**Student:** 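Pasting a structure here, questions to come.
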Number of protein chains: 2
Amino acid sequence: MAQKVKLSTIAETLGLSTATISLALRDSPLVAADTREKIKDQARALGYIYNRRAASLRTSRSGIIGVVVHDIMNPFYGEILKAIETELDRSRHTFILSNHYDSVDKQRMFIETLLQLGGDGVIMSPAIGTPPEDVLLAENNNMPAIFVARSMDGLDVPIYRGDDTYGISLATNHLIGLGHRSIAMIGGTDQTSTGRDRYQGYVNALRKAGIEVDPGLRIPGPRTKQGGFEAAVNFLSLPQKPTAAVCWNDLVAIGLMNGIARAGLIPGQDISVTGYDDLEEASIATPSLTTVWNGQAEVGRLAARALLDKLAGSHEPDGIHLIKPEMRIRQSTAPIRR
Amino acid sequence: MAQKVKLSTIAETLGLSTATISLALRDSPLVAADTREKIKDQARALGYIYNRRAASLRTSRSGIIGVVVHDIMNPFYGEILKAIETELDRSRHTFILSNHYDSVDKQRMFIETLLQLGGDGVIMSPAIGTPPEDVLLAENNNMPAIFVARSMDGLDVPIYRGDDTYGISLATNHLIGLGHRSIAMIGGTDQTSTGRDRYQGYVNALRKAGIEVDPGLRIPGPRTKQGGFEAAVNFLSLPQKPTAAVCWNDLVAIGLMNGIARAGLIPGQDISVTGYDDLEEASIATPSLTTVWNGQAEVGRLAARALLDKLAGSHEPDGIHLIKPEMRIRQSTAPIRR
DNA sequence: CTGAAAGCGCTTACAG
DNA sequence: CTGAAAGCGCTTACAG
């Protein structure tokens, strides 16, 4: 490798000062237009690479934004990330991604690393059991946080997510409307706000329809396709013989449908199944999945915008921003067979 | 936020020099053990945050490793990434992720950003049409590259991937062994090394079995579930009435099976389908998918190790490192019906 | 075992 | 419109 090219290299070869070079490369109107062009050409010719660490050391702004969620391989988060990426790309921010797999330690290590790198802000879907201190660590060090998909009590961090209680009630009401009375709820956990909200929404809808809530019809836990697939055995052996299942999310629903099919029953005919999220995959599942649109792209886009606005100095309203879910009716649900 | 705590803050409160603090925090044996402890306690008490930009400006090592692939939401890459993450976590490197969506521009911008941040190295699955200069840009600026999953001609960058020609021949031979003679190949593109290799492997296997290769049986293009799903229509209307399909990957295979089922046929019985990759999902698809294990976790782990070794100064052998694929036989393939 | 001083490559008032 | 100089917060020879 040749000698490293820096601002001073360009300055020397052009007989100018580093100050002028620095300003010119950042398109400052303080530098005459033709000087600016000359400088840019020279920078290109020399293969100059801007050293962000040096700049950021001086300005204490890095252009780095951290994003940490449960698991980026989960398409639910994937769809959120894609929207965040699009929004951050537009403003030339770099984003650093991490999974926390609901490990508080892994999440804290990520926040610390981000602080060390001088991260400007962090978008997170907090790990189960996150202590408020870990979020305050970021905020107190001038790195604002925005939550997506999950709330946390005791912090007034802006949060963007779907209205889970309402959304799941849409799915439950849809099944009730089709004549189902014995409806199971598969998956999710009480350890997240989302989990509690969705179960509550399911319970509310049943009560409102005058259907007794049977705790035995709840199979908590599964959150993945694999989990839904394995839950099919338990589901099919429930003594109550439910005719329908409200699933925690699309992944669980698709897994459950696979499991039901494996047992020789036809999902969508013998058993009605609803998902949640409306992943891209939901419409091509077989049968195509009746589900609840949960606005992942909206959540990602709005959260990224809110963070960028905050960094730009505007006072974004804190508090909860709920996206209103919508029903998507497809083939996996049908009127009850009498 | 209180006044920022830096090395000199600790030094002053303790009556020591910044040099000693710096050494102590990095566990240098040059500092007496009890001084070291005292310093670490004080750092913790003051809430000191190590400034990596400053350190990296001085040492020109950042601890950052870039990873850029086609699409991190694709579980094939997801499984590679997970293995890379595990390996890099272990050595306390930070990794920055990006999709390139096969846009050469997006990929170049990522490489430039990484250089600006002082990235130590980059693991990439090069975008279609990547000019060698873009990779040399990294290498010439002291940022070594390692390829995963895709090769590129004209560069001697180490590459880790599966043996595609061999792997696809396993799938094709399996179908031939079941009595199939009219076997379609669905998906993939000639624009990647992987695409060319897999088509070649399919052709080789047919020839070796004395089956004439019919170019009309190839439906190139699809690489996703959606793509496979849509290809089902074309597949089912082929005049040759193929009884089996070798798919580009598991996603295409699962999509195709969904499409076949939607048309009222039973995949695995009426039509045999093979996938490629053996994603976690393959075994829970319905029917479970006969596929080729492609060693994603191995690819990721080995590539990360190779990069870390290179950064540590060891001379890693360049060239191609092929993982040997293995057949996984499940329910989606069956003897031909006469 | 500890300290004084230079320097990594930028940006930013301040002058002119 | 351009330049000289200080400083961001570390680490690293070099002394002692």
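In what follows, chains are A, B, ... by sequence order, proteins preceding strands, each numbered from 1. Just so we're clear, the structure is a prediction, and the values are computed from it rather than from any experiment.
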**Student:** Could you tell me whether A:Ser8 contacts a base, only the sugar-phosphate backbone, or nothing, with contacts defined as non-hydrogen atoms closer than 4.0 Å?
**Tutor:**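 Contact class for A:Ser8: none.
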**Student:** Taking heavy atoms of chain B and a 4.0 Å limit, find me the 5'-most and 3'-most nucleotide of DNA chain C within that range.
**Tutor:**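 Contact boundaries, 5' end first: C:dC1 to C:dG9.
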**Student:** With rounding to the nearest 0.5 angstrom, report the CG to CZ distance, A:Asp89 to B:Phe110.
**Tutor:**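 If we round to the nearest 0.5 Å, A:Asp89:CG and B:Phe110:CZ are 11.0 Å apart.
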**Student:** Salt bridge between B:Asp27 and B:Lys40, side-chain N to carboxylate O under 4.0 Å?
**Tutor:**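 Here B:Asp27 pairs with B:Lys40 in a salt bridge, since their nearest N and O are under 4.0 Å apart.
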**Student:** Indicate yes or no for a side-chain donor-acceptor contact from A:Arg150 to the backbone of A:Pro126 under 3.5 Å, with no hydrogens or angles considered.
**Tutor:**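 Between the backbone of A:Pro126 and the side chain of A:Arg150 there is a qualifying donor-acceptor contact (under 3.5 Å).
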**Student:** Pairs counted as Watson-Crick or G-U wobble with both distances under 3.5 Å: what dot-bracket string results for DNA chain D, using | for bases tied to another strand?
**Tutor:** |||.||||||||.|||
**Student:** Are any side-chain N or O atoms of B:Arg36 and backbone N or O atoms of B:Ile21, one a donor and one an acceptor, separated by less than 3.5 Å?
**Tutor:**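 Not at all, since once roles are kept as given, no pair shorter than 3.5 Å links the two residues.
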**Student:** Inspect the contact between B:Lys38 and B:Asp41 and indicate whether a charged nitrogen and a carboxylate oxygen are less than 4.0 angstrom apart.
**Tutor:**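 Between B:Lys38 and B:Asp41 there is no salt bridge, as every charged N stays at least 4.0 Å from the carboxylate O atoms.
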**Student:** For B:Thr59 and B:Ser56, which I'm curious about, is there any donor-acceptor pair between the side chains at under 3.5 Å?
**Tutor:** no
**Student:** Identify the residue among A:His100, A:Met124, A:Gln116 that makes a side-chain contact (heavy atoms from CB on, under 4.5 Å) with A:Ile111.
**Tutor:**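 Looking at A:His100, A:Met124, A:Gln116, the match for A:Ile111 under the side-chain contact (heavy atoms from CB on, under 4.5 Å) is A:Met124.
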**Student:** I need the residues from residues 49-66 of chain A with at least one non-hydrogen atom less than 4.0 Å from DNA chain C; give them sorted by number, or say none.
**Tutor:**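 Residues of residues 49-66 of chain A that come under 4.0 Å of DNA chain C are, in numerical order, A:Ile49, A:Tyr50, A:Asn51, A:Ala54, A:Ala55, A:Arg58, A:Thr59.
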**Student:** Which residue lies toward the 5' end of DNA chain D, A:Ala32 or B:Ala19, if each is placed at its nearest nucleotide?
**Tutor:**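 The residue mapped nearer the 5' terminus is A:Ala32.
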**Student:** Apply side chain to side chain donor-acceptor pair (under 3.5 Å) to A:Thr86 and A:Arg90, showing your working.
**Tutor:** CA-CA 6 Å; A:Thr86 305; A:Arg90 191 169 304 166; over 6 Å; no
**Student:** If you take all heavy atoms of A:Ser62 and A:Asp120, which pair is closest and at what distance?
**Tutor:**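 Taking A:Ser62 first and A:Asp120 second, the nearest heavy atoms are N-OD1, 3.1 Å.
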**Student:** With a 3.5 Å distance limit and no angle check, can you tell me whether A:Ser8 reaches the backbone of A:Ala11 through a side-chain donor-acceptor pair?
**Tutor:**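 Between the backbone of A:Ala11 and the side chain of A:Ser8 there is no qualifying donor-acceptor contact (under 3.5 Å).
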**Student:** Check every strand shown and say whether B:Gly118 touches a base, only sugar-phosphate, or nothing at a heavy-atom separation below 4.0 Å.
**Tutor:** nothing
